[in-house]
Structures are given as C-alpha cells and as structure tokens.
2 protein chains.
Amino acid sequence: MGKGGQPKVLLVEDEPAQRTVLAYNLEAEGFAVTQADNGEDAMLLVDEEEPDIIILDWMMPKVSGIEVCRRLKMRPETRGIPIIMLSARAEEVDRIRGLETGADDYVVKPYSVLELMARARAQLRRVRPSTAGVVLEHEDIRLDPESHRVYRADKVLKLGPTEFKLLVTLMERPGRVFSREQLLDLVWGRDIYVDTRTVDVHVGRLRKSLMSHGGADPVRTVRGAGYSLG
Amino acid sequence: MGKGGQPKVLLVEDEPAQRTVLAYNLEAEGFAVTQADNGEDAMLLVDEEEPDIIILDWMMPKVSGIEVCRRLKMRPETRGIPIIMLSARAEEVDRIRGLETGADDYVVKPYSVLELMARARAQLRRVRPSTAGVVLEHEDIRLDPESHRVYRADKVLKLGPTEFKLLVTLMERPGRVFSREQLLDLVWGRDIYVDTRTVDVHVGRLRKSLMSHGGADPVRTVRGAGYSLG
DNA sequence: TTGGACTGTTACAGAACCGTCGCATAGGCT
DNA sequence: AGCCTATGCGACGGTTCTGTAACAGTCCAA
C-alpha cells in the first residue's frame, strides 16, 4: 500500500482520452495513479512502482493486456497484485479467457466509472487483509485491519463489527464527508435496505467506543451532509 | 471527466441554429462539446465520447429525445449520466413525463442560456460531489467541497448548509452576478417555493459568517440585479 | 436452551437552522 | 432635497436534523 493509506493503481490503457478520464476519477477517489500506454512500460512500472492494483486494457499495441496479465500472474512476486481487465468486446468468450489468464475481475466497455471504482475497491478490500503491516492511523487512533484491533492512545478499544467497518471507511479518507447513503453503501453493502437513521445510531456507538477511555470526539457531524473523521 | 477538468457535454438538437448558439455558449463556459442532430447518432456518441452530461432536445426526427433518454436510463453503464431535457412546450404534463422518463432536469424553451449553464453545472456537481483536490478559491477564501470546510485567511468558518451551498454557487463563478431567482433555483432547488427575500437574509448570514474573523465584505450587491462574489 | 453480544428501529428532547416579517437605512431618480 | 424602491438586519415562531436511550429481534457459542 502506498504511504498514507493511499492505494497505488497502475493504469494501462493506450487510448489517451479514456486513460485521462479514468486517471482523473481514480485520483478523485483517492488513488495514487501511475499511467502507462503500452504493455512494455506497464511491465517495467510494476516493478518500479509496486502498485496495489492494476487496471489493464485488453487491446493494446505490442504487448497486449492479456499478455501482460499472463506474465504478471506467473511471477510469484507480482502474482498477488489484483488485476482488473478492461475490454471493448462483450463476448462471453473473452470474459472467460480473461479470467482464465488470471485476471481477478473483468469490466466491459462501455463501463460505468462508478462500477469500475467499486470493483477496484472490492479487489483492494479482498487483498488488504493479507497485506501485513497495513495500519490505518489518524491522530491518536490506530487501526490494524489484520488483527482487527483498534487502539486509541495505545489502549485497545472494543468495537462491534459494524462500528469497525464504519471506522475503517472513515479512516480510509480522513476529512472527507460521507453522506449517510454513502456510508450505507460502503459499510452495510449496496443492496441492503436499512434506514439512514441507523447510520446515526452506529456513529453514536462508534463515538462512545472511541471516547470510552477519554479523549475528544474525533468524528465530525456535518449538518445536512453527513459525517467525517477529523 | 474531460482533460483538465473540462466537463464533456453531448448536445443533441436537430435545429442547426439553436444547436450552434448553444454549442458556442457551452464552449465559452468551458465545456467540451460534442454535437448530434438526431437520436441515433446521440446513442452512438454516448458510448464513443462518454460525456459527463447530456443536453437533449425533446422533439427530434426518428428517435425522439424522450426515447433516447429512456434508453440511456435503462442501461446501467449510462444510467449515471445526467440528462437535461429541452422542450418547446411548457405544459406541466410534459414536464412530468420528462422527469418520469428519467431526465434529471428539464428546461423549457425559450430558455435563458445562463440558466441552462447553471443547471448543467448543478447536475455535474450532483454526480461528482467529490472532485478531489479541487478546492475553490477566491482571494483569501478557500472552500473544500470534499471535506465540506471553508477557510478564510486560514481560519475555519462555521457555515450552515444553505450558506455553504450559496457560497459554493457564488465561488464557482466569481464576479458573475446571480439574480435572486437564479440563486433560489441553484441553491434551494427548483420547485421550492420561498420568497426571494429569503435570499437576502441568507446572503446577510453568509456575509456575517465570512466576516466573523474580520476582513472585508467579499459579496457584492448589484442593486436591481442580484449578488456576486467580488 | 440459555445467555450474551450485536443489530435495526423507534421515540423523544434539544439544538441548529429556516423562512418571514417589520422597520431602518441606503441608493437612485427627478 | 424629496420621493420611492431596494436592501440590510434583528427578532421570532416553526421546522428539520441530530444524539441518545430504550426495545425487540437475530445470531451464535456454550
């Protein structure tokens, strides 16, 4: 993982317009983006940048996306990096070939940028627990996803599962205001129907837990908008 | 989003004169414009160009605007693109039909170009509320939409939700004079009935907040016209 | 099965905010 | 100057939003 919890993504796409759009959105979502417009550069950049995730266009001059994918999945030191393939063709055949080659997910053009973001995040979440040493920090709060433990001022806090996920989400982007709807999406899951007020209650519980050993309230309420950390 | 943060708009209008005027104005306002004069081309261009927003005429030969709208809102990958419908008819029936079809906003001809611009911007804001790193600045006022924070001379200001939205609107186009009606539309949202004097009160409150730590009044009153920033 | 931990919903109180009014004042025109 | 209109501003009642406690249902382990 990149420093400061900002995940590094390697974006490989030969079409400049599409690449720019994607890079912009990825950066807006808090990714650190490295770009390449061909497979050869991509291979070099993987070693150089050690990205957390790779978004890879299928069709490219010289070394194709599928070839890059195959090579990366053969090398032990790069095998663990999640790869999302982009393809203009919708045929099922390609999808299967893509996944067989080792891609972890597959998005067909024209894709929704939002969908791609969601998939990227999902892949990161999937890989993250195994990534040792990833510790989210914000002021005196420390969160270790691996051991599922949260400390505040070096004291262990006891959080329920929902409180934990909620805190993870907030800590991934401190300062950013999340609406109740966004939090429901990110913490509870997309297609779960629960009242938005539920978010308030859990924020309250999280606050209580975070302040159980003293210390100021680190969660900020933005009236009419949502919540943020700090 | 287009390069350099330039939002891409797809303009679909069969009447050449109107289309040209609109395209001109949109470009002058910083949009990257793609044009189509019928629904079929529009559908193709959506996939090709991946516009950030679509301005769509209601009446068109072959595939009508409402049909284009319906189709786009059915496809998951295009559903997220905001659509503003243009119509020559003012009947309420049409308005309702338009919104039912999934259009995000609706402007009746003859429309004010400024109003249309403002609405387009408002839609973009709605879809892309996060635009990271994009911090609005004007003189010593700094506004970060992501963290929902406002600073003046590096001091944090406390604004209510309406004051905040009002300031965002003004800061997006510093120097431009907004009428009270425009501000009501953009800040409060259309189809909200409140007295235009309410705008005055909130401008007053905004001024107070902005000057709470000293500094000159950055809001300009244009007698008989409205307000502007700077 | 029992008990405990956790969750989602609801109700209620307090706080923050909103829209309107009335009046004072400033601006522009003759 | 004198008049008229537009604007600034304080006050007030009403509304909305948020924090919290209480409660019932679920799940799981012992």
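Chain identifiers are assigned alphabetically (A, B, ...) following the order of the sequence lines, protein sequences preceding nucleic acid strands; residue numbering begins at 1 within each chain. Please read all numbers here as calculations on a predicted model, not as lab measurements.
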Protein-nucleotide distance (B:Asp200, atom CG; C:dG27, atom P), rounded to Å: 15 Å
Charged N-O contact under 4.0 Å between A:Arg149 and A:Asp144: no
Spacing of A:Phe178 atom CZ relative to D:dT18 atom C1', expressed in whole Å: 20 Å
Whole-Å distance separating the CZ atom of A:Arg207 from the P atom of D:dT20: 7 Å
Salt bridge (charged side-chain N to carboxylate O under 4.0 Å, His left out) between B:Asp154 and B:Arg142, worked out: CA-CA 8 Å; B:Asp154 293 323; B:Arg142 213 167 69 246; 3.2 Å; yes
Sugar-phosphate, base or nothing in reach of B:Tyr227, heavy atoms under 4.0 Å: sugar-phosphate
First of A:Val222 and A:Lys208 reached from the 5' end of DNA chain D, by closest nucleotide: A:Val222
Under 4.0 Å protein heavy-atom contact, by nucleotide of nucleotides 15-24 of chain C - B base, S sugar-phosphate only: BBSSBB----
Rounded distance [0.5 Å steps], CG in B:Leu206 versus CD in B:Glu163: 6.0 Å
Pairing of A:Lys8 and A:Asp52 as salt bridge, 4.0 angstrom limit: no
cation_pi(A:Arg176, A:Phe178) dist<6.0 Å, angle<=45: yes
Side-chain ion pair, B:Arg207 and B:Asp217, N-O less than 4.0 Å: yes
